[in-house]
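Whatever order the structure lists ligands and atoms in, that order sets their numbers, starting from 1. FYI, side chains are in, hydrogens and waters are out, and symmetry mates aren't considered; it's all heavy atoms of this structure. Quantities reported herein were computed from a predicted structural model and do not represent experimental measurements.
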Amino acid sequence: MRFDIITIFPGLLESLLTAGVLKKAVEKGILQVRVHDLRDYTTDKHRQVDDRPYGGLEGMVLKPEPIFRAVEAIREPVESVTCLLTPQGERFDSRLAEKLAGYRQVILICGRYEGVDERVVEHLVDREISIGDYVLTGGELAAAVVVEAVSRFVPGVVGKEESVRHDSFTAGLLDFPQYTRPREYRGYRVPSVLFSGDHKKIARWRLKKALEKTLARRPDLLESRQLSSEEEELLEEIKKERKDS
Ligand code: SAM
């Protein structure tokens, strides 16, 4: 799978590929991440990418021509999706990340200043993506978030695919708590069930903890989830325990 990121600050994205699972995935050839300088798609001697907004407001807007040219030069004929990072877009979440992982090529356009000329939105991009209800200075951090989250769903990127399956949101629940050595730290003990060696019991405890956290912090996730009979049973148990305490 390939990501193409279009930005006026390519240097901001370079460190993304120098560490961790992304670096390994690129080395293994599972992922390709290319960062394109928008200025390389200008035709004037000043390599101008922005201009003043019509109608007379403060600030600058990214011009349409270099963005159209960049996307048209980069876009592959099949299984490609072109996304604009914008606070006005659909909210990025785990479901969208998994969907984007199904494409062969994801093109990410990073806005700057007051944003991009609206004709890019109307006539070039397939999707507009927001990483949350706040405004960043540019789309580069948002693009990095999208690359990281989408990559986790690309087979082979995360060494143990099982860890993606129980990540928060993937299965519609928050993740269960994890512990490592030492067994006791400052008198705080790791739950004894994790040393029981009983895998069924451990799996049930983890499911209960995931449900407990989700109910406390993100009950909306439970409303949109089809619960299994074991989950229904555990939720009843949790609610009863809450009432009794
Ligand atoms: N005037 C624009 C608005 O209110 O919709 C905001 C422009 S913002 C200062 C500059 C660029 O940062 C945007 O074009 C977009 O690419 C990026 N950006 C800012 N916030 C974002 C968010 N929450 N999600 C994704 N991209 C964002």
Short version for Pro87: what comes under 4.0 Å of ligand 1, heavy atoms counted, is both

Does Arg225 CZ have over 12 foreign heavy atoms under 6.0 Å away?
-> yes

With atoms numbered from 1 as shown, which atoms in ligand 1 lie under 4.0 angstrom from a non-hydrogen atom of Gly132?
-> 23 (N)

Can you find an N/O atom of Val135 closer than 3.5 Å to an N/O atom of ligand 1?
-> no

Hey, are Arg112 and Asp50 close enough for a salt bridge, meaning a charged N less than 4.0 Å from a carboxylate O?
-> no

Starting from atom 5 (O) of ligand 1, locate the nearest protein heavy atom and write down its residue, its atom name and how far away it is, to 0.1 Å.
-> Gln88 NE2, 2.8 Å

Is Asp40 salt-bridged to Arg47, going by a charged N under 4.0 Å from an acidic O?
-> yes

Between Thr214 and Leu174 the two heavy atoms that sit nearest each other are OG1-N, 3.0 Å

Residue, atom name and distance, where the atom is the protein heavy atom closest to atom 2 (C) of ligand 1 = Glu114 O, 3.6 Å

Backbone or side chain, does any N or O of Cys110 fall under 3.5 Å from an N or O of ligand 1?
-> no

Contact summary for Val106 and Cys83, nearest pair of heavy atoms | CG1-SG, 4.3 Å

Out of curiosity, is Leu141 lining ligand 1, as in a heavy atom under 4.0 Å away?
-> no

Consider ligand 1: state whether an atom of it lies below 4.0 angstrom from any non-hydrogen atom of Tyr113.
-> yes

Provide the number and element of each atom of ligand 1 under 4.0 Å from a heavy atom of Ile129.
-> 25 (C)

Do any nitrogen or oxygen atoms of Gly115 lie less than 3.5 angstrom from nitrogen or oxygen atoms of ligand 1?
-> no

Would Arg204 and Glu233 pass as an ion pair if we require N to O under 4.0 Å?
-> yes

Check whether any N or O atom of Ala142, backbone or side chain, sits under 3.5 Å from an N or O atom of ligand 1, and answer yes or no.
-> no

For atom 24 (N) of ligand 1, which protein heavy atom lies nearest, and how many Å away is it?
-> Ile131 N, 3.1 Å

Would you kindly specify which portion of Asp133 sits under 4.0 Å from ligand 1, judged on non-hydrogen atoms: side chain, backbone, both or neither?
-> neither

Drop me the distance from Leu124's CG to Arg119's CZ, to the nearest 0.5 angstrom.
-> 12.0 Å

Face-on cation placement of Arg34 at Phe3 ring, 6.0 Å and 45° thresholds = no

Mode of Leu136 contact toward ligand 1 - side chain, backbone, both, neither (heavy atoms, under 4.0 Å) | both

For Gly139, the ligand 1 atoms with a heavy-atom partner under 4.0 Å come out as 12 (O), 16 (O), 17 (C)

If hydrogens are left out, which of Thr137, Val146, Leu85 has an atom nearest to atom 16 (O) of ligand 1, that is, the closest non-hydrogen atom?
-> Leu85

Is there a donor in the side chain of Glu140 and an acceptor in the side chain of Thr7, or the other way round, less than 3.5 Å apart?
-> yes

Numbering as shown, the atoms of ligand 1 that approach Ser130 to under 4.0 Å (heavy-atom distance) = 23 (N), 24 (N), 25 (C)

Nearest heavy-atom approach of Val193 to Ile202 is O-CG1, 3.5 Å

Would you mind checking if Arg218 and Asp220 are paired as a salt bridge, meaning a charged N to carboxylate O distance below 4.0 Å?
-> yes

